[in-house]
Amino acid sequence: MGEEEEVKIPRIRRDLDRRTYWRNIIAFWVLGLCNNFSYVIMLSGAHDILSKQESPNSTVEVQESGRFDCNPISTAAILLADILPTLVIKLSGPIYIHLISYRVRVCFCCLSAIVSFIVVSLSVATWISLLGVVFASVSSGLGEYTFLSLTARYSSAVVDSWSSGTGGAGLFGALAYSGLTQLGVTPAMTLQIMVTIPLIQGFSYFFLLSTPPTLSPQESGASEDQARGLEDQAEGLEDQAEGLEDQAEGLEDQPLIEAQTAGNTDSTLSFSRKLRIIRGCLKYTVPLGLVYFAEYFINQGLFELLYFRKAFLDHNAQYRWYQTIYQGGVFISRSSGAFIKINRIWILTVLQFGNLIFLLAAAWYSFVPSLWVIFAVILFEGLLGGAGYVNAFNNITLESAPGEREFAMGAASVADTLGISLSGVVALPFHNWMCNLS
């Protein structure tokens, strides 16, 4: 009987590890989905938000006297409100973010997202809508910084899961908004329905995600019952430590810079060390930022100008489905990280700028014969953007030393945000100039 028990114990531990592994994979996918949902909804509804003025029944006068049908305010205004607070958080995060527990950060993210949906849905003026979009930006920006840093405490597979979830937010968020409004649900009611998403995010973090050994239950925000259960699991897994150490000795480490001790954390790394980690990430973050600059210049500077007057969709619907198809491409490629590995991110940058040049020419010369051609190019644009994101963070995860990975992931998250912010700054005056052409 003693021998049978000795055989069963390792099997039970393997089953426990497997369940915990898949539990974390699912949790990070849901967290990625919920975290980016408010951000995507605001961009998908940008055209509708800017059409909403002092009363629910009035709309902004669309400029139809020039070459293009345009809102007086570019949808890039929504982009800037949706991304600049995120940029501030990510640029300043390395200084203070380690002083705030994960529990507090996640609660603040959920609350900000709820406020954003409510404020925008009840808004009667553009500036109030933009304020609501700012809350969405705070939620998604702080959430991305927080959860990407948190991936360093788990299996590297959760990076793929997180990336796929954020891509899913783009697809399902855009589909939900476009689909509901197409069915006749008002934009305001659609936004109010979305309040359930932040609640799911909080549930996923506090009840679905397991607490890693390197993060105390108190810091993560786990309940007391969860904490006791996790302690029991930890005691049952102690015997595997020696075997895992032997395996670790056989693994090759490929740090971005020379390895530090595994005990290093975000709060113990020196300032000079953090700068060296950031420099080591530049070979991935610079191309990623350029990919996002090109694609968001397309999305917020050109989408509204690519209008087919004789198509089966009106102007607002065309804009919404541009966003939806783009997000579909992002979801597909962000979910491919486990199957397709790309080390040379700069190739994606070159291709994305090719998309930008083509669509800019299409808007200027109106030579594209069919809306479906634009749909195909936009799908390709989304595929490139998603591939850049998942592969950049996968490469940083694999090439960072364990003690530096948490900081590297959080700091690298500024790349796409900076590219998006710069594209918004450029797209806003460009859009206005194009709209004023006679």
Lys/Arg N to Asp/Glu carboxylate O, R309 vs D314, below 4.0 Å
no
Salt bridge between E404 and K274, side-chain N to carboxylate O under 4.0 Å?
no
State whether a side-chain donor-acceptor pair under 3.5 Å links [X] with [Y].
{"X": "Q201", "Y": "Y205", "answer": "no"}
{"X": "S161", "Y": "W29", "answer": "no"}
{"X": "T397", "Y": "R405", "answer": "no"}
{"X": "S123", "Y": "S129", "answer": "yes"}
{"X": "N343", "Y": "Y284", "answer": "yes"}
{"X": "S92", "Y": "Y96", "answer": "yes"}
{"X": "Y177", "Y": "Q323", "answer": "no"}
{"X": "S137", "Y": "T86", "answer": "yes"}
{"X": "N24", "Y": "S210", "answer": "yes"}

Look at the side chain of [X] and the backbone N and O of [Y], then say whether any donor-acceptor pair between them is shorter than 3.5 Å.
{"X": "R105", "Y": "I100", "value": "yes"}
{"X": "S336", "Y": "S333", "value": "yes"}
{"X": "S139", "Y": "F135", "value": "no"}

May I ask you to decide if the ring planes of F28 and Y154 are parallel, tilted or perpendicular, using 30° and 60° as cut-offs?
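Taking Y154 first and then F28, their aromatic rings stand perpendicular (interplane angle over 60°).
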Taking atom [atom1] of [X] as the centre, does the number of heavy atoms from other residues, nucleotides or ligands within less than 6.0 Å exceed 12?
{"X": "F271", "atom1": "CZ", "answer": "no"}
{"X": "F293", "atom1": "CZ", "answer": "yes"}
{"X": "F108", "atom1": "CZ", "answer": "no"}

Quick check with a 6.0 Å cut-off and a 45 degree axis cone: is R103 positioned over the face of F206's six-membered ring?
no
Y21 ring centre to R18 NZ or CZ under 6.0 Å, with the angle to the axis within 45°?
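No - R18 does not lie over the ring of Y21 by the 6.0 Å and 45° rule.
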